[in-house]
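Atoms within a ligand are numbered from 1 in the order they appear, just like the ligands themselves.
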Amino acid sequence: MNKIQMTTPLVEMDGDEMTRILWSMIKEELLLPFVDLKTEYYDLGLEHRNETDDQVTVDSANATKKYGVAVKCATITPNAARMTEYNLKEMWKSPNGTIRAMLDGTVFRAPIIVKGIEPCVRNWKKPITIARHAYGDVYKATEMKIPKAGKVELVYTAEDGSETREVIHNFTGAGVVQGQHNLCNSIESFARSCFKYALDVKQDLWFATKDTISKKYDHTFKDIFQEIFDAEYKDAFEKAGITYFYTLIDDAVARVMKSEGGYIWACKNYDGDVMSDMVSSAFGSLAMMTSVLVSPQGYYEYEAAHGTVQRHYYKHLKGEETSTNSVATIFAWTGALRKRGELDNNEALMSFADKLEAACIKTIEDGKMTKDLALITTLENPTVLNSQEFIQAIRKTLEESL
Ligand code: NAP
Ligand code: MG
């Protein structure tokens, strides 16, 4: 069989622990036999990040700006325990945080839907993709405990020294206070990433804040989205047959529960933090959740939403059998290959990505799955496969479809 050719490389970011094991199995079994894979390889495994003083993470983000498309394996974010385990020079920052800051991107998380793994919410038939604004608000807030009576004010000192003041509260006793901020630049990037991604996947975009209560702060989010939509995206949305829909956050939550899914839900930072955990657990499994970072310039980085599955890796190291679900990592690859194909007008590559995704879904729907899915499936008598057998079963399904 002739392998599918690629004209431009994509950026490959390798990672840690169990997902690193899956990564090489996926390449061996599902990619290299079918695609003449062109990647620029960056090893973001913790050991190599430590050796390079984390320069490799920065280099991989710059390469993503150069080539436009990246696929990333899950990586360890160091904590105190990892400092000792890996004998680290420093507690290196989260690679995802570094890459997101460099690309100024927004993360979109979407569940992979298969028959037999049913969402808790009966009427959810299509994926709900959550886009979380990843800057500011309560995550960069300054807080004070107020011990006793006194006045708290917001003070803005302009560069010329002039002051604008607003009283927050005249305390008559003890209390708490919090100062939050956001940046118009950051909100604009968030809005553009959302509009761009909605056009990419041809799905409606929903956005919600509490602008009726927060007439300046949240209203600014609403206004920026609307201005950018009207000026830059309205015509393209009409052509694509999709809509931009703004509503209040509480109304949005009520509508989401009653909806059948199939749209992107853009959320402010805190709403996205909370809602993405709710939506992903309701869809069934973290192992079936994909994630893509989209920059306002149109750079894309695909990954699984889950981590390195440390507990399984330690079993693997002891020589015990694992049954780790590789679907989200495979979908990171297919997302990146499809996007590469789209940018390069490479029909064969796009079609391969579709077929590989279909093979994953069919394998599970045929009753062959990893343990995490077997525990929650409505299919009767599923066959539980180990990590490698599952990937081989997908290969068999894929070969039958080619
Ligand atoms: P995790 O790797 O997502 O795993 C948590 C648990 O979820 C696992 O122990 C497993 O449950 C289940 N699980 C997750 N993915 C699975 C899969 N593909 N197949 C089967 N089961 C799966 O989270 P963690 O253990 O809290 O974090 C481990 C490391 O990952 C940490 O060092 C963290 O820094 C890193 N992390 C990286 C990213 C990223 O790179 N994007 C994201 C999150 C966390 P059972 O043990 O019950 O089987
Ligand atoms: Mg959360």
* With hydrogens left out, which residues have an atom under 4.0 Å from ligand 1, given that only heavy atoms count? ->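 Within 4.0 Å of ligand 1, the protein residues are K72, A74, T75, I76, T77, R82, N96, L286, A287, E303, H306, G307, T308, V309, R311, H312, T324, N325, D372.
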* Enter the distance from L30:CG to E28:CD here, rounded to the nearest 0.5 Å. =>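 Going from the CG atom of L30 to the CD atom of E28 covers 10.0 Å.
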* Does NZ or CZ of K268 fall inside the cone over F221's six-membered ring, less than 6.0 Å from its centre and within 45° of the axis? ->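 Cation-pi check for K268 and F221: passes.
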* Give a yes/no verdict on a cation-pi contact between K339 and Y300, requiring under 6.0 Å between NZ or CZ and the six-membered ring centre and an angle within 45° of the axis. =>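 Because its charged atom sits under 6.0 Å from the ring centre and within 45° of the axis, K339 does stack over Y300.
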Please check if any side-chain donor atom of [X] sits under 3.5 Å from a side-chain acceptor atom of [Y], or the reverse.
X    : Y    : result
T324 : H312 : yes
Y135 : H181 : yes
T308 : D16  : no

